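Quantities reported herein were computed from a predicted structural model and do not represent experimental measurements.
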Amino acid sequence: MHPDHTASTSAQPPAPSRGGRRLRNTVVTMALGATMFAAGAAMLTPGANTAPRTGHGRTDEAPRGSIEVLQARVARVPKDPGGWAALGMAYVQQARSTADPATYDRAEKALRTSLSVQGEGNTDAETAMGALAAARHDFPAALRWARKATTSGPYSSTAYGVLADAHTQLGHYDEADKAVQKMTDLRPDAASLARASYAFELKGNTARARALMQRSLAAAATPADKAFAHNVLAGLDLQDANPREALARTQTALRTAPRDSALLETRARAYLALGDTTKAIADYKAAIAIAPLPHYLLGLGELEQALDHHERAAENYDLLRAQDRIREAEGNPADTDAILFEADHGNPRRAVTLAEETLRNRPFVAVHDAYAWALHRAGRDPEALVQADMALAQGTRSALFRYHRAAIHQALGDPEAARRDLTEALREPGFHPLHADAARELLQRIDTTP
């Protein structure tokens with residue numbers, strides 16, 4: 001799985017807790033950047049549906065924990081801090097699953113209301129504010145809220161999950177590991193095991209990551225948790241060059257979660273690795289219809305480009321540019337997808353600027369990689385190599401990262417180093433619709449050059 005795209009997009013909201021003391025019956029899953037990574041926020045997932053109902057049934061007919069039910073609860077009990085905190089987190093989850101950033105404003109309003117009702121010791125709202133900040137890619141703020149939450153709720157595993165996410169995105173990997181260990185000690189459930197799995201994945205230990213995610217799957221209590229675990233395991237299958245297993249796993253999971261956009265996107269990548277571009281395109285389109293997330297649009301656009309469907313590729317690229325204009329107007333930092341898109345399909349110098357702005361508050365491995373590629377595309381290869389080395393310093397097994405560094409090594413006149421990285425990248429032969437072919441061509445050129 002790409003280290004910047006690990007969030008479940010079918011997460012569901014927490015049930016309100018009494019007095020806002022502690023989030024109960026919740027599961028926190030990694031959200032290191034699959035969104036906007038889609039990235040970087042903690043996700044709380046008890047058994048309920050976040051989507052608002054469109055029918056005219058009574059409120060008590062809606063699923064427990066749904067936005068409709070939570071709205072009715074705070075209307076009945078407007079001084080319930082736990083109810084407002086649960087509603088705020090439900091909005092965060094809805095925004096992440098629908099790619100509608102305007103919903104974050106509703107989330108913040110609900111959470112501020114919770115904090116106005118109970119300003120001290122409101123672990124629910126503090127944890128949710130941390131998740132909201134992470135979803136907005138404001139990781140310094142996420143860290144501040146997570147520290148408040150772990151102070152007011154020292155036995156809240158969910159608060160430590162948010163703390164782990166913030167540390168990870170800020171490049172504090174040792175601190176993140178400590179937070180994950182604390183979370184696991186407090187509650188060895190699907191959520192903490194998923195985070196432990198990701199900690200090992202970032203270090204390139206996919207065998208340990210897989211074992212922990214299998215345990216997370218076994219402990220999963222809701223369909224959303226199960227779908228998330230299956231998706232991560234399928235991503236690991238792709239990293240291990242086993243697209244048939246990834247395909248089988250996603251097909252099984254989609255039978256019970258047919259509208260999980262993350263599963264559809266991963267199945268698209270499995271089909272791509274197997275050479276079935278027609279089905280890959282269909283799955284990308286289905287995922288985008290559910291949630292038009294940037295990495296879905298970029299994946300489909302680059303696949304269409306690889307197939308010489310230039311007009312169709314341009315349609316996806318136009319949507320990406322429109323999303324980026326909205327992001328820029330709102331003053332939000334660029335995600336790695338925006339940086340890589342600008343580097344490959346726009347102005348590399350602007351990509352460098354975007355990466356530098358993002359890196360100030362998010363020195364995460366995926367941002368170092370995107371910065372490296374932007375620098376390379378802008379012709380600044382000595383600087384690019386420094387960033388590419390930082391992207392891989394944790395041991396992350398990313399074929400794309402390896403390809404990027406290989407191209408930089410080649411540009412700097414070091415074909416042997418480029419060969420080593422290309423060999424590693426091509427262990428996952430279908431890792432990218434455009435760059436996988438470029439990697440094979442570069443390796444062949446190196447091998448046939450006297």
Legend entry - Side chain proximity check, Asp124 to Pro81, heavy atoms < 4.5 angstrom: no

Inset, instruction - List for me each residue that meets salt bridge (charged side-chain N to carboxylate O under 4.0 Å, His left out) alongside Arg147, sequence neighbours excluded, and say none if there are none. - result: none

Legend entry - Beyond-backbone contact of Ile339 with Tyr371, side-chain heavy atoms, under 4.5 angstrom: no

Legend entry - Check: Ala343 main-chain N/O paired with Arg377 side-chain donor or acceptor under 3.5 Å: yes

Inset, instruction - May I ask you to check whether Ser114 and Asn122 show a side-chain donor-acceptor distance below 3.5 Å? - result: yes

Inset, instruction - Indicate yes or no for a side-chain donor-acceptor contact from Thr358 to the backbone of Ala334 under 3.5 Å, with no hydrogens or angles considered. - result: yes

Legend entry - Exam field: side chain Ser216 to backbone Leu212, donor-acceptor pair closer than 3.5 Å: no

Legend entry - Centroid separation His230 to Phe228 less than 6.0 Å: no

Legend entry - Polar side-chain atom of Arg327 near backbone of Asn332 as donor-acceptor pair, under 3.5 Å: yes

Legend entry - Heavy-atom donor-acceptor pair, Gln93 side chain to Ala95 backbone, under 3.5 Å: no

Legend entry - pair His295-Glu265: side-chain heavy atoms closer than 4.5 Å: yes

Inset, instruction - Please round to the nearest 0.5 Å and tell me the distance separating atom CG of Leu163 and atom OG1 of Thr127. - result: 10.0 Å

Inset, instruction - Using only heavy-atom distances, determine whether the side chains of His435 and Glu302 contain a donor-acceptor pair under 3.5 Å. - result: no

Legend entry - Flag, side chain of Trp84 to backbone of Arg112, donor-acceptor distance under 3.5 Å: no

Under 3.5 Å, sequence neighbours excluded: what are the donor-acceptor pairs made by side chains of residues 176-183?
unit_1: Asp177; atom_1: OD1; unit_2: Lys203; atom_2: NZ; d: 3.3
unit_1: Asp177; atom_1: OD2; unit_2: Lys203; atom_2: NZ; d: 3.0
unit_1: Gln181; atom_1: NE2; unit_2: Asp185; atom_2: OD1; d: 2.9

Inset, instruction - Supply the atom-to-atom distance Leu236 CG to Thr206 OG1, rounded to the nearest 0.5 angstrom. - result: 6.5 Å

Legend entry - Any pair counted as salt bridge (Lys or Arg N to Asp or Glu O under 4.0 Å), so long as it reaches residues 209-221, sequence neighbours left out: Arg210-Asp237, Arg210-Asp240

Legend entry - Derivation of the side-chain hydrogen bond (donor to acceptor under 3.5 Å, both in side chains) call for Arg106 and Thr103: CA-CA 5 Å; Arg106 291 191 285 276; Thr103 309; 3.0 Å; yes

Legend entry - Close side-chain approach of Asn361 to Pro140, heavy-atom, < 4.5 Å: yes

Legend entry - Ser192 side chain to Arg195 side chain, donor-acceptor N/O pair below 3.5 angstrom: no

Legend entry - Side-chain heavy-atom pair Leu300, Ile288 within 4.5 angstrom cut-off: yes

Inset, instruction - Would you confirm whether Gln323, through its side chain, and Pro292, through its main-chain N or O, come within 3.5 Å as a donor-acceptor pair? - result: yes

Legend entry - Any donor-acceptor N/O pair, Glu126 side chain to Trp145 backbone, under 3.5 Å: no

